[in-house]
K.L.:
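Take a look at the following structure, please.
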2 protein chains.
Amino acid sequence: MDVDSRLLRSFAAVAEEGNLTRAAERLFVSQPALTKQIRQLEQLLGVRLFTRSRAGMALTGPGRALAARTPAVLAAVDTAVRETRSAGRAQARVLRVGFLASAANEATQDIVAEFGRRRPGTRVELRQAAWSNPTAGLADGDVDAALLRLPFPGQDTYRVETLLTEDRVAVLPATHPLADRARLDFAELWDEPFIAAPPTTGSFRDYWLAVEARPADRPVRIGAVTDQPDEWLSAIANGYGIALAPASAARFYARPGVTYVPVDGVAPTSVGVAWAPADDGNPVVGDFVRSCLDVVGAAPTSGPSALPPEGHGPQA
Amino acid sequence: MDVDSRLLRSFAAVAEEGNLTRAAERLFVSQPALTKQIRQLEQLLGVRLFTRSRAGMALTGPGRALAARTPAVLAAVDTAVRETRSAGRAQARVLRVGFLASAANEATQDIVAEFGRRRPGTRVELRQAAWSNPTAGLADGDVDAALLRLPFPGQDTYRVETLLTEDRVAVLPATHPLADRARLDFAELWDEPFIAAPPTTGSFRDYWLAVEARPADRPVRIGAVTDQPDEWLSAIANGYGIALAPASAARFYARPGVTYVPVDGVAPTSVGVAWAPADDGNPVVGDFVRSCLDVVGAAPTSGPSALPPEGHGPQA
DNA sequence: TGCATCCATAACCTGACGGCATGGATGTCG
DNA sequence: CGACATCCATGCCGTCAGGTTATGGATGCA
């Protein structure tokens with residue numbers, strides 16, 4: 001006899017989709033299960049939340065009232081979970097750092113080593129994220145900090161320090177006609193099929209397809225979709241398409257059958273370290289960010305005062 | 001794989017009690033069930049929330065983090081539920097009014113009739129509450145407005161208009177030596193056993209025991225505890241003790257075997273209409289409050305501008 | 001030493017919940 | 001106009017989550 005957050009999540013999905021069937025597949029449950037959940041919620045509240053019709057599920061007045069409150073509830077739950085987990089890591093003296101494949105590349109080890117000198121008691125737990133998770137776990141509070149390619153979706157809701165900038169290069173199968181060129185112009189690649197990240201990654205996907213450097217009448221062709229560096233390299237080596245990558249990938253992801261060629265006509269790419277605003281007061285995160293900046297020899301873009309404080313006490 | 005609010009409520013209870021056994025009985029579940037719930041929550045969060053010891057359950061660091069967030073989450077859930085239910089009543093053109101037995105007494109029907117003239121389309125649903133529920137459902141959003149004796153617990157978190165004030169009288173068994181007196185002084189009743197409301201009602205209970213009108217060295221004696229007017233009258237008629245009541249009870253709750261005698265030395269009592277601040281903009285509630293004031297011939301204490309607006313449109 | 005207090009564990013049982021298959025209502029299109 | 005597509009509801013069934021009772025182990029206390 002308690003409205004639990006599972007029901008609210010289901011309700012929110014149905015309210016957004018306006019359609020039980022689509023909401024059900026979004027939530028990875030069957031449509032009858034969702035029907036029952038919504039009925040249960042309605043019964044629990046003693047209120048009709050949707051008017052059912054052929055067209056789908058439309059919110060009633062009470063439904064709109066609930067829909068207005070639901071995001072706040074779910075956000076409160078998520079915040080609570082995130083902060084609790086974060087406190088757990090702090091207590092265990094663990095800093096969890098997420099990173100995307102091809103983010104920091106060879107700098108990563110140096111950063112961890114530098115952090116180890118600053119905070120000998122704290123262990124860094126590195127978590128590689130799939131590209132379908134473009135904040136590498138920052139968004140769901142799974143990690144305390146993340147090494148990411150900039151820009152990333154939702155970037156302005158986090159703190160970010162830029163660490164380094166490098167050119168983007170083309171990654172071609174060794175058998176490709178352009179593979180032996182010393183340089184390419186991106187325009188030469190407009191008609192090539194590209195290996196892309198999953199569509200759900202939005203701007204991240206678009207960024208690595210360089211849609212902004214492409215005329216409107218030459219939409220990108222997708223040769224394959226991959227979520228992991230190995231699949232990605234395999235797809236390229238097998239001739240399903242080409243891709244863009246940071247220059248450092250040529251060193252870090254060298255592999256027979258794959259060639260890296262410098263490209264003109266696309267903007268360079270940056271790596272940054274990101275953390276949640278909630279951790280602005282967290283000295284462990286602060287030390288990690290400082291370690292990042294030290295290793296790459298960068299200065300804080302926003303002045304040192306914007307960083308979490310230094311210090312060696314345990315986190316509150 | 002979702003933290004549901006049931007687990008959070010359990011967690012909050014354990015955190016407050018510091019003791020599984022007591023928390024379990026507060027939640028009306030068995031102790032092993034709570035053990036499992038806490039374990040499940042810990043597993044879900046990947047964090048140890050309590051340190052178990054002979055002395056009980058003590059919060060860990062992460063536990064404190066969660067305990068700090070839990071009230072906000074539960075409050076958000078409750079708000080969502082309350083507003084949804086309220087919207088449901090508005091849609092159904094129902095105004096639900098809670099009242100405590102002995103609150104408005106004979107004025108109640110007149111108020112409902114007057115409201116019926118103002119809003120012919122809206123039905124008033126009266127809900128009598130037990131004394132153990134001293135806001136008559138206002139606190140849990142079960143009702144849109146409530147007719148209450150003033151003061152009531154948590155009164156300053158609601159809007160209140162005072163409707164009428166009357167003396168308190170003593171209620172005695174007809175066989176009581178003092179039953180045939182025309183007037184009494186409260187001091188004469190200091191040593192009598194009283195029929196009281198349940199201890200959980202706090203200041204409400206104390207108010208009707210008139211603890212403020214009693215010297216510190218004459219603590220009240222409790223003859224019986226009741227939660228309903230009928231039990232209360234029976235307890236008095238059967239000689240378990242006496243009680244104070246509003247003067248109107250002499251008319252409204254006349255019964256053989258029970259006598260009402262005016263008392264000096266206790267402050268008079270007031271009846272008010274209360275509503276939630278969230279309904280300040282609700283014209284239906286506004287019309288109900290105005291109906292109350294009209295019927296008793298009172299003016300708004302805080303000026304008419306503090307009342308919810310008048311109007312005949314449906315509620316938003 | 002016996003008792004009280006607290007939490008954990010074991011064994012068991014019920015029903016909540018999800019999945020599959022299907023039905024009913026209602027637009028749409030050839 | 002009938003076949004079809006789209007949506008939501010329903011019936012049936014199997015599984016497991018979550019509750020209960022009974023009991024055990026640890027530890028102060030009288």
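Any value given below was found using the heavy atoms of this structure, including those in side chains, with hydrogens, waters and symmetry copies removed.
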K.L.:
So do A/L95 and A/R89 actually touch side chain to side chain, heavy atoms under 4.5 Å?
P.N.:
no

K.L.:
For B/I38 and D/dA17, give me the distance from atom CD1 to atom P, rounded to whole Å.
P.N.:
18 Å

K.L.:
Using modelled atom types only, decide if a donor and an acceptor are shared between the side chain of B/N282 and the backbone of B/V284 within a distance under 3.5 Å.
P.N.:
yes

K.L.:
OP1 or OP2 of C/dA16 less than 4.0 angstrom from a side-chain nitrogen or oxygen of A/Q40, does that happen here?
P.N.:
no

K.L.:
Does NZ or CZ of A/R39 fall inside the cone over A/F11's six-membered ring, less than 6.0 Å from its centre and within 45° of the axis?
P.N.:
no

K.L.:
A/R6 CZ to C/dA16 C1': how many Å, rounded?
P.N.:
9 Å

K.L.:
I want to check one thing: is the phosphate of D/dG19, taken as OP1 and OP2, less than 4.0 Å away from some side-chain N or O of B/Q37?
P.N.:
yes

K.L.:
Just the rounded figure in Å: distance from C1' of D/dA5 to CG of A/L20.
P.N.:
17 Å

K.L.:
To the nearest angstrom, how far is A/R39 atom CZ from D/dT10 atom C1'?
P.N.:
9 Å

K.L.:
How many Å lie between CD on A/Q43 and C1' on C/dC17, as a whole number?
P.N.:
14 Å

K.L.:
Rounded to whole angstrom units, what separation is found between the CG atom of B/L27 and the P atom of D/dT20?
P.N.:
11 Å

K.L.:
Round to the nearest Å and state the distance from B/N19 atom CG to C/dA8 atom P.
P.N.:
11 Å

K.L.:
By nearest nucleotide on DNA chain C, pick out whichever of B/K36 and B/R22 is the more 5' one.
P.N.:
B/R22

K.L.:
Looking at D/dA9, does its base get a donor-acceptor pair with the side chain of A/Q31 below 3.5 Å?
P.N.:
yes

K.L.:
For A/E16 and A/A13, indicate whether the former's side chain and the latter's backbone hold a donor-acceptor pair under 3.5 Å.
P.N.:
no

K.L.:
Within the pair A/R52 and D/dA9, is there a side-chain N or O less than 4.0 Å away from OP1 or OP2?
P.N.:
yes

K.L.:
D/dC7, OP1 or OP2 - any side-chain N/O from A/T21 closer than 4.0 Å?
P.N.:
no

K.L.:
At under 4.0 Å between heavy atoms, what does B/S30 touch on the DNA or RNA strands: base, sugar-phosphate, or nothing?
P.N.:
base

K.L.:
Using modelled atom types and a 3.5 Å cut-off, is there a donor and acceptor pairing between side-chain atoms of A/R218 and backbone atoms of A/D191?
P.N.:
no

K.L.:
So what does A/A33 touch, heavy atoms closer than 4.0 Å: a base, only the sugar-phosphate, or nothing?
P.N.:
sugar-phosphate

K.L.:
Would you mind reading off the distance between B/E17 atom CD and C/dT5 atom P, rounded to a whole angstrom?
P.N.:
16 Å

